[in-house]
2 protein chains.
Amino acid sequence: MKAQALHGHLDALLLAVLEQGARHGYAIIEALRARSGGTLDLPTGTIYPALRRLERAGLVASTWSTVNGRERRTYRLTEAGGRALAGERAGWREFSATIGRFLGADEPPTVPA
Amino acid sequence: MKAQALHGHLDALLLAVLEQGARHGYAIIEALRARSGGTLDLPTGTIYPALRRLERAGLVASTWSTVNGRERRTYRLTEAGGRALAGERAGWREFSATIGRFLGADEPPTVPA
DNA sequence: GTCGCATCCGTAGCCTTGCTACACATGAAG
DNA sequence: CTTCATGTGTAGCAAGGCTACGGATGCGAC
């Protein structure tokens with residue numbers, strides 16, 4: 001998969017991973033790789049800056065801890081982050097439905113009223 | 001919808017529109033807007049360069065014609081473009097499925113009642 | 001007649017955002 | 001002691017869509 005295509009959806013992915021529990025950067029990368037079946041194998045140079053960006057935006061918060069003598073920065077979702085994630089999900093659904101309309105619908109029905 | 005999210009999928013969209021028949025730039029923009037229910041309203045500064053890029057890549061071909069005294073450049077899908085579109089569709093499915101695994105179908109990490 | 005708008009094409013440069021390449025530190029294994 | 005996995009981080013590049021322009025014609029309005 002062209003990693004480039006992630007453009008604009010990375011934040012949502014990060015938020016979604018953190019939604020399942022606090023994690024540190026390295027673990028987030030592994031979670032992404034595991035949950036995507038190996039498709040998403042993002043480099044640290046992508047994740048760390050993104051996490052800092054998210055923290056500046058107040059969507060995640062971090063705390064340092066020492067594990068086995070190593071410093072870890074553990075991130076967790078803030079309330080604002082949770083709301084942002086909900087918005088991102090809605091945005092993804094719309095985006096995905098729209099593009100899917102052109103490239104082949106494999107969309108789950110959007111529950112018509 | 002954040003237009004920025006299109007990153008990397010615009011070419012596929014253009015190819016998909018052209019698959020339904022040859023069109024000129026302006027008409028492509030309108031087709032995109034119409035078929036997406038108004039969600040996709042792309043500026044000419046996005047479409048024209050993209051079309052030229054596609055033409056350089058040999059995925060579309062253009063012919064000029066004059067309609068009502070106005071010059072029109074009409075694009076049509078080439079065979080290579082058709083094959084590329086098939087690949088883009090496959091790529092979209094994979095991408096969409098991958099991201100969807102995180103953002104799409106609500107999969108609460110906990111028990112589904 | 002001429003003003004404004006829709007129709008039509010096109011380019012330059014910006015901006016966002018992910019990626020590559022690099023730098024640095026510690027514990028465990030050989 | 002060297003090497004690898006774990007762990008965090010930055011600088012600068014590259015890709016690609018967007019903004020802001022610029023130019024031209026047909027047609028209805030005033």
Side-chain angles (χ1 to χ4, degrees), chain A residues 1-15 17 22-34 36 39-57 59-60 62-75 88 91 95 98-99, chain B residues 1-15 17 22-34 36 39-57 59-60 62-75 88 91 95 98-99:
Chain A
M1 177 168 102
K2 291 183 301 181
Q4 205 70 2
L6 273 184
H7 250 279
H9 304 294
L10 178 62
D11 290 2
L13 249 27
L14 259 20
L15 258 19
V17 168
R23 277 181 177 72
H24 59 287
Y26 200 87
I28 290 176
I29 293 175
E30 294 184 319
L32 247 9
R33 187 170 40 220
S36 70
T39 308
L40 285 174
D41 193 4
L42 308 179
T44 66
T46 288
I47 269 53
Y48 292 121
L51 249 11
R52 297 177 73 73
R53 188 154 35 89
L54 251 20
E55 183 166 33
R56 264 201 309 283
L59 305 185
V60 303
S62 67
T63 46
W64 283 97
S65 56
T66 304
V67 178
N68 291 336
R70 257 188 234 106
E71 295 289 297
R72 270 189 191 170
R73 180 131 133 184
T74 300
Y75 291 90
E88 293 280 5
F95 174 75
T98 301
I99 306 300
Chain B
M1 176 167 105
K2 291 182 301 181
Q4 205 70 2
L6 274 184
H7 250 278
H9 304 294
L10 178 60
D11 290 2
L13 248 28
L14 259 20
L15 257 19
V17 167
R23 277 181 177 72
H24 60 287
Y26 200 86
I28 291 176
I29 294 175
E30 295 185 319
L32 248 9
R33 187 170 42 220
S36 71
T39 307
L40 285 175
D41 194 4
L42 308 180
T44 67
T46 289
I47 269 52
Y48 292 122
L51 248 12
R52 297 177 74 73
R53 188 154 33 90
L54 252 20
E55 183 166 32
R56 265 201 308 284
L59 305 185
V60 303
S62 67
T63 47
W64 284 96
S65 56
T66 304
V67 179
N68 289 336
R70 256 188 234 105
E71 293 291 296
R72 270 187 191 170
R73 173 120 102 176
T74 300
Y75 291 89
E88 293 281 5
F95 174 75
T98 301
I99 306 301

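The figures here come from the full heavy-atom set of this structure, side chains too, leaving out hydrogens, waters and symmetry mates. Naming: A, B, ... by sequence-line order, numbering from 1 per chain.
- Proximity note for Y75(A) (side chain, C-beta onward) versus dT8(D), dG10(C), dG9(D): the nearest is dG9(D).
- In this structure, the nucleotide among dC9(C), dT6(D), dT10(D) sitting nearest to the side chain of Y26(A) is dT6(D).
- R23(B) has its CZ atom 13 Å from the P atom of dC8(C), to the nearest Å.
- The nucleotide whose nearest atom lies closest to any side-chain atom of L42(B) is, among dG18(C), dC18(D), dC9(C), dC18(D).
- If you check dC19(C), dG10(C), dT7(C) against the side chain of P43(A), the one that comes closest is dC19(C).
- For R70(B), the side-chain atoms get nearest to dA6(C) when compared with the rest of dA6(C), dT19(D), dG9(D).
- Between the CG atom in L14(A) and the CD1 atom in I29(A) there is a gap of 9.0 Å [rounded to 0.5 Å].
- For dG9(D), its base sits under 3.5 Å from the side chain of T44(A) at one donor and acceptor pair at least.
- Of the residues listed (E71(B), R72(B), R70(B)), the one engaging H24(B) in a side-chain contact (heavy atoms from CB on, under 4.5 Å) is R72(B), and it is the only one.
- Residue G25(A) comes nearest to Y75(A) through the heavy atom pair N-CD1, 4.5 Å, listed as atom of the first residue, atom of the second, then distance.
- What separates CD of E71(B) from C1' of dG26(D) is a distance of 14 Å, to the nearest Å.
- Comparing atom distances between the H7(B) side chain and each of dA5(D), dC18(D), dA15(D) picks out dA15(D) as nearest.
- Taking atom NE2 of H24(A) as the reference point, atom P of dA25(C) lies 19 Å away to the nearest angstrom.
- Taking side-chain N and O atoms only, Y48(B) has a distance below 4.0 Å to OP1 or OP2 of dC9(C).
- At least one side-chain heavy atom of L40(B) sits under 4.5 Å from a side-chain heavy atom of L13(B).
- Within the structure, every side-chain polar atom (N or O) of R72(A) is placed at least 4.0 Å from both OP1 and OP2 of dT6(D).
- Between F95(B) and H9(B), the angle of the ring planes lies from 30° to 60°, which puts this pair in the tilted group.
- H9(B) has its NE2 atom 17 Å from the P atom of dA15(D), to the nearest Å.
- Between V67(A) and N68(B), the residue anchored closer to the 5' end of DNA chain D is V67(A), taking for each the nucleotide with the nearest heavy atom.
- Residue contacts shown for G45(B) include a base, since a base heavy atom lies under 4.0 Å away.
- R52(B) has no side-chain polar atom (N or O) that falls below the 4.0 Å cut-off from OP1 or OP2 of dC9(C).
- OP1 and OP2 of dT16(C) both lie 4.0 Å or more from every side-chain N or O belonging to R53(A).
- dT8(D) atom C1' lies 14 Å from atom CD of E30(A), rounded to whole Å.
- If you take CD1 of I47(B) and P of dC9(C), they are 11 Å apart, rounded to a whole angstrom.
- Taking atom CD1 on I29(B) and atom P on dG17(D), their separation rounds to 14 Å, with Å as the unit.
- Of all heavy-atom pairs between I28(B) and V17(B), the closest is CG2-CG1, 4.3 Å.
- Nearest nucleotide to the side chain of T46(A), out of dG18(C), dT10(D), dC9(C): dG18(C).
- At whole-Å resolution of the value, CG in L10(A) and P in dC19(C) are 7 Å apart.
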